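We name chains A, B, ... by the order of the sequence lines, and we start the count at 1 in each one. The structure displayed is predicted, hence computed values, not measured ones. Values below: every heavy atom of this structure, side chains too, minus hydrogens, waters and symmetry copies.
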There are 2 protein chains.
Amino acid sequence: MIKPTITDIANEMGITPSTVSRALTGSPRVKESTREAIIRKAEEMGYERNVMASNLRRGFAKTVGIIVPRINRQFFSNVISSAESVLGEAGYTVIICQSHETLEDEVKALKTMRANQVAGVMISHSIQSVNGDHILENIPEDVELVQFDRVFSSLPGIKVVNDGVKGSYEATISLIENGYKKIGTLAGYLGAELFADRKKGYVKALEEAGMDIDEDIIFEDSILRETGYRSALKAIERGCDALYCAGDFSALGAFDAVREAGLEVPGQFGIIGTANEHFTGLMSPRMSSLEQRPDKMGAEAALAFLEAVEGKKEDRTIEIPMELIIRQSSSRKQ
Amino acid sequence: MIKPTITDIANEMGITPSTVSRALTGSPRVKESTREAIIRKAEEMGYERNVMASNLRRGFAKTVGIIVPRINRQFFSNVISSAESVLGEAGYTVIICQSHETLEDEVKALKTMRANQVAGVMISHSIQSVNGDHILENIPEDVELVQFDRVFSSLPGIKVVNDGVKGSYEATISLIENGYKKIGTLAGYLGAELFADRKKGYVKALEEAGMDIDEDIIFEDSILRETGYRSALKAIERGCDALYCAGDFSALGAFDAVREAGLEVPGQFGIIGTANEHFTGLMSPRMSSLEQRPDKMGAEAALAFLEAVEGKKEDRTIEIPMELIIRQSSSRKQ
DNA sequence: TACAAATATACAAACGTTTGTATTAATTGC
DNA sequence: GCAATTAATACAAACGTTTGTATATTTGTA
């Protein structure tokens with residue numbers, strides 16, 4: 001017998017496949033003693049459930065799909081890694097797609113998920129997604145939706161996000177406490193709630209400190225090293241002595257600009273980045289950064305999904321506190 | 001009609017499901033004109049193939065499984081990222097598991113793959129896997145096996161590896177040409193072909209240059225920053241003035257040790273790492289490193305798989321040349 | 001002892017596709 | 001124009017599981 005089925009087990013034992021099925025799925029409709037016998041026999045025969053048949057019959061798979069812009073971004077790969085560990089442990093299979101930051105690929109990915117009848121979708125949307133309509137359109141009602149990091153609060157389901165306002169607030173406060181007087185920000189794309197929040201925290205900190213909010217030193221769309229560099233040059237020109245950057249790569253660009261301007265980091269210029277990318281701790285001077293806790297985010301997202309499919313909890317938003325990692329680049333001005 | 005099936009299409013058109021199926025799968029047994037009509041109707045009705053039914057009937061899924069020690073390692077996430085792009089484009093779904101560097105989880109992952117009836121498995125084995133027996137045992141004959149980076153040459157199937165001998169040879173030659181006189185190596189775990197190859201290239205370079213091979217400055221098992229640091233301390237003690245490191249993290253540890261010893265990098269001490277981790281280009285002095293081209297590796301692995309399932313090519317080993325990235329840490333001794 | 005209730009198992013249909021074989025329609029050769 | 005061939009489509013079974021309903025068995029109660 002190449003690969004035994006429940007029918008084979010049933011025949012072997014002189015019983016019916018339905019009983020075998022119920023025994024193996026843990027239905028209460030079968031006597032404990034027969035269940036034990038069946039399980040023993042199944043193991044003896046080297047039985048393995050045919051997932052496809054099972055999925056077909058039930059109409060869904062014990063699978064969750066994860067969609068991210070790019071798997072090879074440190075943040076995302078960390079989220080995926082910890083989510084996979086939790087989901088795998090719970091017997092779920094993880095399928096992965098990348099949106100490559102485009103709406104087109106994101107929709108394609110959603111279709112793939114639907115085609116594979118996943119029980120849930122964990123998604124951090126592409127930069128091209130301006131709202132969640134395409135998500136609603138492509139995910140059936142009964143599929144659990146878990147958004148993380150980049151989320152649309154208008155969508156139903158579970159959301160796992162950083163407390164970005166609080167994080168950027170603390171980062172900015174830290175710069176203020178270290179004596180910096182004119183603090184700008186490389187803000188990222190403000191159309192995303194994520195970045196909008198980080199700006200909010202920055203503004204809040206300045207307001208509390210009684211400092212001016214100057215739109216001229218709030219640089220939108222500065223995410224890359226290159227764009228960060230250019231914006232930072234302008235910031236220096238406009239008299240800034242510190243920058244809170246909504247990303248580590250733009251912060252790296254800020255380093256470049258500040259060095260080029262002949263200023264010292266820290267001291268003459270303070271910088272705090274966001275994401276705590278690995279390299280931040282290896283540079284010199286080492287860069288202060290706001291850690292997003294992607295590991296925690298992935299685990300929490302996975303756990304929330306599991307609770308949801310088991311019907312234990314309903315839709316909710318989980319906030320993962322950010323962690324301000326203070327290193328050299330933001331220390332006290334002499 | 002909630003979700004149309006091929007039977008619905010058939011009824012609607014007054015034909016039989018088998019014709020619809022053949023039309024949609026591109027069988028030559030259906031007239032072109034009817035095929036076109038069927039496709040039109042299918043689109044009109046919003047038909048989507050039920051993957052599970054299809055998989056069940058055919059006995060396999062258009063899915064490939066990727067197993068890596070950890071998704072969140074830069075190297076692996078890059079491989080996965082480019083492999084997913086290629087496979088997704090070809091209509092394959094990617095499922096992912098982590099072995100967490102343990103044999104136990106790797107076997108579990110293999111079982112998951114088998115349960116999901118994947119068409120192929122791409123794997124880079126865990127450090128605990130000393131041979132490929134568990135792979136053979138858990139993967140059916142008809143599943144295409146693609147090993148990458150960490151491979152067992154004894155296993156059948158496709159293998160995608162770096163030309164590690166050549167890479168480390170060039171790295172070592174580069175150190176020699178820059179005037180370093182006593183070059184050691186932080187060699188990694190030599191039980192893995194991967195690391196054994198890197199040692200070979202190192203030895204070859206020294207031999208060609210007529211330099212002594214000194215086992216006392218070949219440090220096995222130095223992969224982490226911490227272990228690299230300790231080994232590097234010994235290397236300095238034993239008179240080395242350069243190290244070729246089989247990993248970037250051990251190279252980072254070497255930096256620590258050299259700095260602690262009060263020597264200058266480069267000049268008094270030369271270092272070349274392996275992997276070209278992102279941080280190597282951001283340190284100061286910037287670290288020279290051997291790039292593994294994970295993007296190319298993932299893409300080549302995926303392409304080889306696609307060729308194999310289409311029956312175009314047979315088992316083979318693909319070598320991805322490494323790229324020596326010369327930065328500051330290995331430059332000329334004054 | 002008999003009968004209702006509960007428990008355990010059997011029966012059979014269904015999930016939607018694919019595919020070997022049978023049938024019908026169209027084409028070819030002579 | 002008719003048989004022989006080929007092309008196109010129809011029929012029906014199968015993939016292995018799950019699950020509603022029906023039947024058989026056991027238990028409890030009057």
query: What do the steps show when you test A:Asn78 against B:Asn72 for side chain to side chain donor-acceptor pair (under 3.5 Å), and what is the final call?
result: CA-CA 5 Å; A:Asn78 276 308; B:Asn72 59 345; 2.8 Å; yes

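Evaluation of the salt bridge (Lys or Arg N to Asp or Glu O under 4.0 Å) test over residues 78-88 of chain A, restricted to residues two or more places apart or in two chains, returns none. Here salt bridge (Lys or Arg N to Asp or Glu O under 4.0 Å) pairs that include residues 94-120 of chain B, with residues two or more places apart or in two chains, are A:Glu48-B:Arg114, B:Arg73-B:Glu101, B:Glu101-B:Arg150, B:Asp105-B:Lys108.
Between the C1' atom of D:dA8 and the CD atom of B:Glu36 lies a distance of 15 Å, rounded to the nearest Å.
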Return all side-chain donor-acceptor pairs below 3.5 angstrom for residues 23-30 of chain A, not counting sequence neighbours, or 'none' if the list is empty.
residue: A:Thr25; atom: OG1; partner: A:Ser21; partner atom: O; Å: 2.9
residue: A:Thr25; atom: OG1; partner: A:Arg22; partner atom: O; Å: 3.4
residue: A:Ser27; atom: OG; partner: A:Arg29; partner atom: N; Å: 3.0

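By the side chain to side chain contact (heavy atoms under 4.5 Å, CB included) test, B:Lys41 is found to be paired with B:Ile9, B:Glu12, B:Met13, B:Glu44, B:Met45, residues two or more places apart in sequence or in another chain being considered. Taking B:Glu32 as the reference, B:Arg35 meet the side chain to side chain donor-acceptor pair (under 3.5 Å) condition, with sequence neighbours excluded. For B:Arg57, there are no side chain to side chain donor-acceptor pair (under 3.5 Å) partners at least two apart in sequence or on another chain. Residues passing the side chain to side chain contact (heavy atoms under 4.5 Å, CB included) test with B:Val143, sequence neighbours excluded: B:Val118, B:Val121, B:Ile139, B:Pro140. With sequence neighbours left out, the ring pair (Phe, Tyr, Trp, His ring centres under 6.0 Å) criterion links A:Phe148 to no other residue. With sequence neighbours excluded, no residue forms a side chain to side chain contact (heavy atoms under 4.5 Å, CB included) with A:Glu141.
Terminal axes of the helix from C:dT1-D:dA30 to C:dC30-D:dG1 (five pairs each, C1' rotation axis) are separated by 40°, to the nearest 10°.
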message: Using a 4.0 Å heavy-atom cut-off to protein, can you give one letter per nucleotide of nucleotides 9-18 of chain C, 5' to 3': B if the base is in contact, S if only the sugar-phosphate is, - if neither?
response: BBBBBBBBBB

Listed pairs, N/O of protein and of nucleotides 23-25 of chain C, under 3.5 Å:
none

